[in-house]
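For reference, the structure is listed below as C-alpha cells.
Just the heavy atoms: all of them, side chains too, but no hydrogens, waters or symmetry mates, feed the values below. Just so you know, residue 1 is the first one in the sequence shown, and it goes up from there.
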Amino acid sequence: KVSFLGVFFFFTLPESSCNNLDCRLDGTSMTLNKDHPYFKEVYSTILTAMASGNNLMVRIKNGSQGCQVSYARIYY
C-alpha cells in the first residue's frame, strides 16, 4: 500500500518483513521523503513494481527514524 501525506510517502510492509530492519519503523511503513534527491526515480520504481506485480527490494538508511528509503530495485 502506498499513501501520500504531505512531504512523505509511506510504503506498508508485511509484518514478517519488519523483524530484521536496522531502523525505527513508524508502525509497519517505510518513508520516502519528498526532498530525496532521486524522489521521482525511486517513487516511479516503487509504483512500477507494484503495478506490474514484480518483486521489489527497498534499501533503507540504517538507523533512520521511520525507515527512510535510500533506493529501490525491481526484481523480475
Side-chain angles (χ1 to χ4, degrees):
K1 178 181 171 190
V2 178
S3 304
F4 175 66
L5 296 173
V7 295
F8 301 104
F9 281 87
F10 296 96
F11 305 94
T12 304
L13 301 170
E15 286 193 42
S16 62
S17 300
C18 300
N19 297 330
N20 297 319
L21 296 174
D22 182 18
C23 59
R24 290 174 299 284
L25 277 173
D26 294 329
T28 57
S29 300
M30 291 184 284
T31 305
L32 175 59
N33 293 321
K34 271 202 91 171
D35 62 354
H36 187 289
Y38 296 103
F39 174 83
K40 289 181 182 178
E41 293 83 354
V42 174
Y43 183 59
S44 175
T45 299
I46 293 168
L47 289 180
T48 299
M50 294 177 73
S52 63
N54 287 310
N55 295 318
L56 181 69
M57 188 281 300
V58 178
R59 177 75 169 111
I60 53 96
K61 294 179 184 176
N62 289 341
S64 63
Q65 178 64 41
C67 290
Q68 295 178 23
V69 174
S70 181
Y71 62 87
R73 292 186 179 162
I74 295 174
Y75 288 93
Y76 299 98

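Taking every heavy atom of both residues into account, I60 and C67 meet most closely at CG2-O, 3.7 Å. Closest of all the heavy-atom pairs between Y76 and N54 is CE2-ND2, 3.4 Å. The two residues C23 and S64 come nearest to each other via the heavy atoms CB-O, 3.3 Å.
T45 places no side-chain N or O within 3.5 Å of a backbone atom of A72 that could act as its donor or acceptor partner.
The cluster map of Ile, Leu, Val, Met, Phe, Trp and Tyr, joined by side-chain heavy atoms under 4.5 Å apart, puts I74 and I46 in the same cluster.
Contact annotation: the side chain of H36 approaches that of V42 to within less than 4.5 Å [non-hydrogen atoms, C-beta and beyond].
Taking CZ from R73 and CG from L56, the interatomic distance works out to 11.5 Å, rounded to the nearest 0.5 Å. With rounding to the nearest 0.5 angstrom, the CD atom of Q68 is 13.0 Å from the CZ atom of R59.
Tested against Y71, the residues E41, K61, M57 include a single side-chain contact (heavy atoms from CB on, under 4.5 Å) partner, M57.
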